[in-house]
Structures are given as structure tokens and as C-alpha cells.
Amino acid sequence: MNDDNHIPLSESQTLKNLMLIDAFSEATPEQKKQLCNALANDAALAARHAALSKEVQHMNVAYGTQQLKQASTEDYTPIPANILTRLESTRREALAIRRGQADSLAKIVSFPSAILNSKSKIQKLFPIWLARAAMITLLGIASGYWLLRDKAPPIASAALAPRGSTGLTQPLIVWDNKPDQKYDVWILPPEGSQTDAPALFTAKNVRSPIAFNDLKPTDAAQGQKELQPGKPYRLLVCFASLGRLAGVTVPFETTAEADGQILVPSDPQAVLLKARRLIEAGRTGDALMVLTTLPENQRGTPQVRVLVEEAKKKLPAADKKPRG
């Protein structure tokens, strides 16, 4: 067996670096030849190299990219490109010894030869420690991705009114409330992203329904106190304090004759009749505004529930997902 006292330190470091590079299948033909010559003269060193290669191979089989490529897309969510980039960066850092770009890592793997050739517990556990450290790093990054993904903001259901076509320039804003939940409301122009488009009117920490006059105009509204007839808009209702990605936008437009607020008859039967006519005219959002104005004890009657469900089924579609 070779004696470290008779091997220059630089040669000992080179030999152990070659073992690590070869275990990761990154050695060049010349390096493989150099390593084979060294292992042929040292049985203990050859056994240690074989054990290291076996551990790295086991790690690659368990967590390598080949297994990810063969998995069904229905069984897992692909790791995003930025995470894969970080993994590739970690792999390159581990192999940078060969290129001389990671002196600190070289010092870790270039421990004294006496440790490599000894029969101590450290010698027996080194290959296992190396492989497990790599596994823990990979699993830590993947777990971090899943934790971050689970922290994505919840999405509020789409607003019900106004939606589609409205004959009002000061519409009643209607959505389905969750118990004890407050909401933020934005009216946006038709262009631009959901997160960055300049809001025209806003309201914070409110519950449905909310009168248009309770919305505050912004500088982007340019002094306008209400919506303009014959114009397209977007309505966004989100869970309060979670930002504009906590909901989906609803496109709507005002008719050319749009004007004022919803006028509600005093008689409940007249309210139902007006809602029915609005549904037949294709203004289902306005019909829901009318039905929402009924006293709470009347909204649960069979006639009202039937009209509400009919109007909801005929509402134009909202955006399918937040548009960042």
C-alpha cells in the first residue's frame, strides 16, 4: 500500500480529485488512464474508488434526470426552469475541481491521504456521506419549490356584476362573499396586465355588494366620477391585502345608452319581473344587481333562487386564471 509520507501532497490531491471526477463520469480519457495506473498498484485505493463510484451511481439512479424524463406528466409537476438551472449550477460547482474554479471544494475533497488509506469509521462512511449530502441538497431545493408553490395566494371567485354588457355608468358591484372575508376591488382599463394596468376605481376591505359611489377614483380616471358609455372595462375582486393576483378579471362594457345607477322597484314582484326582462335582454349582470337589492329575508325564496341561478348560468365567462 502507498505511504502518504512518500507521496508529494500535490500528487496525492490530484489522485483523489481524479477519483471524484471519475465517479461523476466527468474524467477525460487521459485522466481515466492516469487513474487506472494508480489504482492498479493499490488495492485498497481501488476498493475505495469502487465504493465511491457505486454510491454516486445509486444517487443518479434514484434522483437522476433520466427518472424525471420517464415519469408521466400526469404523475408530477415539472420542476420550473429556474430550479433546474440552480441544480445544474450546483452540479458544475461540484465538478469545478477539474477546472480549478472551486478551491474551497478542492480543499474538502483533498483531505490527507492518511484518512483515505486508513481503516477508520470516517474512511468507511466517506462515500455514503458524499452521496447523501448530494441527495439532501437536491431534495432540499425540490422541497423548497413545493413550499413556495403552496404559499401562492388563494384565488377569489370571479365577480358576478357588472359582467358582459351593462346599461349603467354607476353599476352595483356584486360577488359571492365568503364568511368573515374582506375583499379588494379594482376597475381596470381593458388593456395591460392584471397586476400592472393603472386602476381607474378602487375599494379596499369591503364586502359584496358595494355601490359604485363607494369606489374611489384614481389619477388614471382623469377626474371622471363614473364609467363612460360605450366603453370596455375589467372588474377585479380579490381577497383583501393579497394583491391583484388573488382573483381573476371579468371583462364588461357599458352600452352606448348607459346611464346612472340601477333603479329598483319597491314591489318585490316588480323586482322579479325586471330581473327576468334584463336576463332576456342579455344583461344578466344587471339582473343580478337588481336581485341583490332585495331584502336578505327575500333572497332565499324559490322564485329568487331560480332567477339567480339562471342569471349565473348565462353570465359571460371570466378570465380562466390571473393575468400577471
Side-chain angles (χ1 to χ4, degrees), residues 154-188 201 203-215 226-240 246-321:
I155 305 300
S157 58
L160 301 175
R163 194 194 290 196
S165 177
T166 178
L168 308 168
T169 54
Q170 300 177 38
L172 187 68
I173 314 299
V174 181
W175 66 92
D176 287 330
N177 289 316
K178 286 183 175 294
D180 302 320
Q181 175 67 55
K182 293 293 185 68
Y183 297 82
D184 295 338
V185 179
W186 293 268
I187 291 183
L188 307 174
F201 301 89
K204 301 290 185 180
N205 294 308
V206 295
R207 285 175 62 82
S208 176
I210 177 173
F212 187 87
N213 289 338
D214 291 331
L215 298 174
E226 60 183 10
L227 304 178
Q228 300 301 298
K231 298 290 184 180
Y233 297 93
R234 286 178 294 168
L235 173 61
L236 176 60
V237 175
C238 297
F239 292 124
V248 293
T249 55
V250 173
F252 72 95
E253 61 182 10
T254 56
T255 64
E257 301 80 17
D259 182 51
Q261 303 176 355
I262 194 78
L263 298 178
V264 182
S266 58
D267 179 59
Q269 290 303 317
V271 171
L272 296 178
L273 180 59
K274 182 168 186 174
R276 167 61 64 187
R277 289 176 177 172
L278 287 170
I279 293 174
E280 293 172 352
R283 291 167 52 186
T284 49
D286 289 357
L288 287 171
M289 295 182 203
V290 171
L291 294 172
T292 302
T293 63
L294 286 170
E296 189 172 355
N297 62 347
Q298 295 182 14
R299 296 180 201 168
T301 63
Q303 287 179 305
V304 174
R305 287 204 305 266
V306 167
L307 278 180
V308 168
E309 291 304 316
E310 181 179 348
K312 286 183 177 181
K313 290 179 181 179
K314 294 182 178 182
L315 283 172
D319 289 338
K320 293 183 179 180
K321 59 181 180 180

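Since the model is a prediction, treat every value here as computed from it, not as a measurement. Residue indices begin at 1 and follow the sequence shown.
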- Item | Exercise: identify the closest heavy-atom pair between I173 and P162 | CD1-CD, 3.7 Å

- Note on the structure: So the ring-ring contact (aromatic ring centres under 6.0 Å, His included) pairs with at least one residue in residues 279-300 (sequence neighbours excluded) are none

- If you count the non-hydrogen atoms of other residues, nucleotides and ligands that lie under 6.0 Å from NZ in K231, is the total more than 12? no

- Query: Between T169 (side chain) and A258 (backbone), is there a donor-acceptor pair under 3.5 Å?
  - Reply: no

- Could I get the full list of salt bridge (Lys or Arg N to Asp or Glu O under 4.0 Å) partners for E310, not counting sequence neighbours? R276, K314

- Message: Do Q261 and F212 have side chains that approach each other closer than 4.5 Å (heavy atoms only, starting at C-beta)?
- Response: no

- In short, ring-ring contact (aromatic ring centres under 6.0 Å, His included) pairs touching residues 246-302 with sequence neighbours left out are Y233-F252

- Task: Using the test salt bridge (Lys or Arg N to Asp or Glu O under 4.0 Å), find all partners of R163 that sit at least two apart in sequence or belong to another chain.
- Result: none

- Task: May I have all residue pairs that pass salt bridge (charged side-chain N to carboxylate O under 4.0 Å, His left out) and include part of residues 250-259, sequence neighbours excluded?
- Result: none

- Taking the side chain as every heavy atom from C-beta outward, state whether K274 and L263 have any pair of such atoms under 4.5 Å apart. yes

- Task: Would you give the length of the straight line joining atom CZ of R234 to atom CH2 of W186, rounded to the nearest 0.5 angstrom?
- Result: 12.5 Å

- Message: List the residues meeting salt bridge (Lys or Arg N to Asp or Glu O under 4.0 Å) with K312, not counting sequence neighbours, and say none if there are none.
- Response: D176

- Will you find, in the side chains of D286 and T166, an N or O donor that is under 3.5 Å from an N or O acceptor? yes

